[in-house]
Undergrad: 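Take this structure, written in structure tokens, and hold onto it; I'll ask about it next.
Every chain is numbered from 1 and lettered A, B, ... according to where its sequence line falls, protein lines coming before strand lines.
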Amino acid sequence: MAELSKNDEQVGTTPNVSGVEVVEARTEAEEVAALEVPVERGEPILQVRNLVKHFPLTQGILFKKSVGAVKAVDGISFDLYQGETLGIVGESGCGKSTVARLLMNLERATAGEIFYKGQDITRLSGKALKAVRRNIQMVFQDPYTSLNPRMTVGDIIGEPFEIHPEVAPKGDRRKKVQDLLDVVGLNPEYINRYPHQFSGGQRQRIGIARGLALNPEIIICDEPVSALDVSVQAQVINLMEGLQNEFNLSYLFIAHDLSIVRHISDRVGVMYLGKMAEIGTDAQIYDHPTHPYTQALLSAVPVPDPEARANRERIILTGDVPSPANPPSGCRFRTRCWKAQDKCAEEVPLLAVPERFKDSDTPAAHESACHFAEEKDVVHAA
Amino acid sequence: MLLDVHDLHVEFHTRDGVARAVNGVSYGVDEGETLAVLGESGSGKSVTAQAIMGILDVPPGRITGGEVIFKGRDLLPLKEEQRRKVRGAEMAMIFQDALSSLNPVLSVGDQLGEMFTVHRGMSKKDARAKAVELMDRVRIPAARERVRQYPHQFSGGMRQRIMIAMALALEPALIIADEPTTALDVTVQAQVMELLAELQREYRMGLILITHDLGVVADVADRIAVMYAGRIVESAPVHDIYKAPAHPYTRGLLDSIPRLDQKGRELYAIKGLPPNLMDIPPGCAFHPRCPMARDVCRTDEPPLYEVTESETDRGSACHFWRECLHG
Ligand SMILES: Nc1ncnc2c1ncn2[C@@H]1O[C@H](COP(=O)(O)OP(=O)(O)OP(=O)(O)O)[C@@H](O)[C@H]1O
Ligand SMILES: Nc1ncnc2c1ncn2[C@@H]1O[C@H](COP(=O)(O)OP(=O)(O)OP(=O)(O)O)[C@@H](O)[C@H]1O
Ligand code: SF4
Ligand code: SF4
Ligand SMILES: [Mg+2]
Ligand SMILES: [Mg+2]
């Protein structure tokens, strides 16, 4: 998969279609038809290539001058397979939510492609785009602010049907909403209540019901349980896992809690300052990380076991994350990396299976964007 | 005992009724010791801390019973003026949200220096030197230059370290840290927790660490007090509680968190919701959610039983603690 990941490609070059079976659709009808084709379990359903989002920084009030850009997402490539959960972790500001908004088409990409079933959704419009929007839904972090306080739960969950009436004809809607409430473990009789009459965990269930309304194939979850208490968090996680099996969903699961991400994910991508530092299966990332940033991140997580206190190696990073408006040259992690050498300032490390592990089948043989990738177990006590 | 909170009760009188936020909390901390107070949102962790510090919102809040014995004397009857002297000099608090606890229009140097001019009667110049020293101590790079900067010019982690510096300024005997790292990224959280633990060892302070993170607790605490509906339901040395909890709520919490170091089983989910403090269930407040509940739990409130099977000082507010411990 190494060649997929030229994560330092110039902005605005020809599309990178490596590993993508591009669908050639000439008419809107053909585009829509291609989107109806089911994807087999374990095959790529969403393929992101060199995705870039720069937010321009401007100065001046009357005459806005561009004075640079926040490089929120700066060349990211990954695949999401049908039926899997891909976890995305990384510190605040590394670009996780921006990736989510790009995938949802809520934000225009500066460059790069997002292939959904072989078609670049950044170029679709009309009926085809509408079909994509139906199939990719989102669940947000904050159950307190993402629900309109003046709408009843029934209206909130049923709102997507207004835009996509073909999914539920008018007469069926109430029934459909009640079914959805039932699916997420809420009493269907609550249909006329308002969001403030629910607890945080219940509100998150409402958000999930709404995300499910249009029978999507992919759900992008941006910190769906971060605002919840531990006991309620477990309820929602179990619900999401159950729904995934029941409805054959693919999840992109963004969170900063590394333990939860391990629990729910099949594969995990680690982001740092707008780039993907490392990506692999949950065991590859957690038990055999090769990127120093992943190692530092994992070692910083306290484990709920006092016996492990003394026996785990802790890497305490110094300094703060640099500004995404002015990222370091070469490897973005080099200002905090204890292994950094001259090469790290000069050459951007590409996300690829490290040369030294290429021909072996060790768990260390997964994509990592470091010139000096090597394995280090930081999670388990020695 | 440096601090001994005994049978503390706090209520809030609001338009909707009386919220019984703290219903007989007892816990203590010795010098050099770290007590972690664990519990879900609304369980009364912060209100207890506010009552100890003397910064409770009165009204609507009201302390309706109990004692807060600090260095041998009860603080609750003291006049506000005397409380203020204790606060800062002898006990200090670190809050979750450093940005809103620091004054945005004063430089951090002025805010740190104020501790010395107000409490110690130092000159401005000496206080400034002290401020730089403290910033160095909490590892703010280029402290001499940055002492003139304002809170918004620092990152979240640095602001939290400045808060720590402020709390430590007068070398208090007790620090209460209320979710000091919840708002921070994990790598920064690790930096801040390490700093706090190191300074605590150095000054032999008592530390009350309020958190809902079972990982952080396992990492730094000597003892844990678990709160539910304004009461301590379990209190024990940290090793004992992780090995074998003696209260079903603690057990539920431990089983409901996924692990970083292993790919887990299905998570245990404590059923139901935290109680409404205006209408706390009779008997054991946890009974509607408890998998072990029996008839007696619905009527009789369990006292904090001594866990007599333990070598250590342990308590559980569960009628069936013995079963839980072995279950
Ligand atoms: N609309 C915008 N205009 C300018 N900058 C933006 C905008 N949205 C995001 N950014 C910047 O882009 C970077 C990435 O932000 P993003 O919200 O994607 O981070 P994140 O990884 O989701 O962080 P968190 O964990 O805090 O949610 C940040 O530096 C942020 O300030
Ligand atoms: N100023 C106030 N006015 C009215 N009620 C209050 C006030 N402060 C606290 N309460 C009540 O006291 C209860 C306990 O609050 P407290 O802040 O101690 O919870 P906590 O355990 O610290 O929770 P969290 O983890 O969310 O910080 C709250 O549920 C709330 O009902
Ligand atoms: S490329 Fe260099 S600076 Fe970057 S993570 Fe690897 S060793 Fe560290
Ligand atoms: S007293 Fe009863 S309800 Fe309360 S925790 Fe123990 S078994 Fe459960
Ligand atoms: Mg975000
Ligand atoms: Mg609190």
Undergrad: Can you say whether B/Arg139 sits under 4.5 Å from chain A via the side chain, the backbone, both, or neither, judging by heavy atoms?
TA: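 Neither the backbone nor the side chain of B/Arg139 comes within 4.5 Å of chain A.
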Undergrad: Test side chain to side chain contact (heavy atoms under 4.5 Å, CB included) on A/His256 and B/Val186 and set out the steps.
TA: CA-CA 8 Å; A/His256 61 256; B/Val186 326; 5.7 Å; no
Undergrad: Under a 3.5 Å distance rule, please check whether B/Asp185 uses its side chain to pair with a backbone N or O of A/Ser92 as donor and acceptor.
TA: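 Answer holds: yes.
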Undergrad: Mind checking which of residues 231-242 of chain B sit less than 4.5 Å from chain A, heavy atom to heavy atom?
TA: B/Val238, B/His239, B/Tyr242
Undergrad: What option among B/Leu273, B/Leu260, B/Asp255 has the most heavy-atom pairs under 4.5 Å with chain A?
TA: B/Leu260
Undergrad: Would you say the side-chain atoms of B/Ser256 and A/Gln233 include a donor-acceptor pair closer than 3.5 Å?
TA: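 Side-chain D/A pair, B/Ser256 to A/Gln233: absent.
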Undergrad: At a 4.5 Å cut-off on heavy atoms, which part of A/Ile315 comes close to chain B: side chain, backbone, both, or neither?
TA: neither
Undergrad: What part of A/Ile316 gets within 4.5 angstrom of chain B, counting heavy atoms only: side chain, backbone, both, or neither?
TA: side chain
Undergrad: Between A/Arg314 and B/Asp219, is there a side-chain N and carboxylate O pair less than 4.0 Å apart?
TA: yes
Undergrad: For A/Arg262, is there any backbone N or O sitting under 3.5 Å from a side-chain donor or acceptor partner on B/Lys263?
TA: yes
Undergrad: Given a strict heavy-atom distance threshold of 4.5 Å, which part of B/Tyr249 is in contact with chain A: side chain, backbone, both, or neither?
TA: neither
Undergrad: So, does A/Asn238 use its side chain to make a donor-acceptor pair with the main chain of B/Leu267 at under 3.5 Å?
TA: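 Such a contact is found between A/Asn238 side chain and B/Leu267 backbone.
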Undergrad: Does A/Pro304 reach the side chain of B/Val217, with side-chain heavy atoms less than 4.5 Å apart?
TA: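 A/Pro304 does not reach B/Val217 side chain to side chain.
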Undergrad: Relative to chain A, which segment of B/Val216 carries a heavy atom at a distance below 4.5 Å: side chain, backbone, both, or neither?
TA: both
Undergrad: Could you tell me whether B/Glu311 atom CD has more than 12 heavy atoms of other residues or ligands within 6.0 Å of it?
TA: no
Undergrad: Minimum heavy-atom separation for B/Thr187 to A/Ala300, with atom names?
TA: CA-CB, 4.0 Å
Undergrad: Select one option (side chain, backbone, both, neither) describing which atoms of A/Ile237 are under 4.5 Å from chain B's heavy atoms.
TA: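 Interface part for A/Ile237: side chain.
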Undergrad: Backbone N or O of A/Val301 within a donor-acceptor pair of the B/Gln189 side chain at under 3.5 Å?
TA: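 Checked: no pair found.
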Undergrad: With the side chain counted from C-beta on, respond yes when A/His263 and B/Arg259 share a heavy-atom pair under 4.5 Å apart, and no when they do not.
TA: no
Undergrad: Considering residues at least two apart in sequence or located in another chain, which fulfil the side-chain hydrogen bond (donor to acceptor under 3.5 Å, both in side chains) criterion with B/Gln149?
TA: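 In terms of side-chain hydrogen bond (donor to acceptor under 3.5 Å, both in side chains), with neighbours along the sequence ignored, B/Gln149 is linked to B/Arg146.
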Undergrad: Highest number of heavy-atom pairs under 4.5 Å with chain A: which of B/Met193, B/His212, B/Glu194, B/Lys243?
TA: B/Glu194
Undergrad: If you compare all heavy atoms of A/Gln235 against all heavy atoms of B/Ile270, which two are closest, and at what distance to 0.1 Å?
TA: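 Scanning both residues, the minimum pair turns out to be NE2-O, 2.6 Å.
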Undergrad: For A/Ser226, is it the side chain, the backbone, both, or neither that has a heavy atom closer than 4.5 Å to a heavy atom of chain B?
TA: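 Neither part; nothing is under 4.5 Å.
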Undergrad: What part of A/Asp305 gets within 4.5 angstrom of chain B, counting heavy atoms only: side chain, backbone, both, or neither?
TA: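 For A/Asp305, heavy atoms of backbone and side chain both lie under 4.5 Å from chain B.
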Undergrad: Taking A/His380 for the side chain and B/Asp261 for the main chain, is one N or O donor matched with an acceptor at less than 3.5 Å?
TA: yes
Undergrad: Check whether A/Thr318 gets within reach of chain B through its side chain, its backbone, both or neither, counting any heavy atom under 4.5 Å.
TA: backbone
Undergrad: For B/Leu214, which atoms come within 4.5 Å of any heavy atom of chain A: side chain, backbone, both, or neither?
TA: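 Both parts, backbone and side chain.
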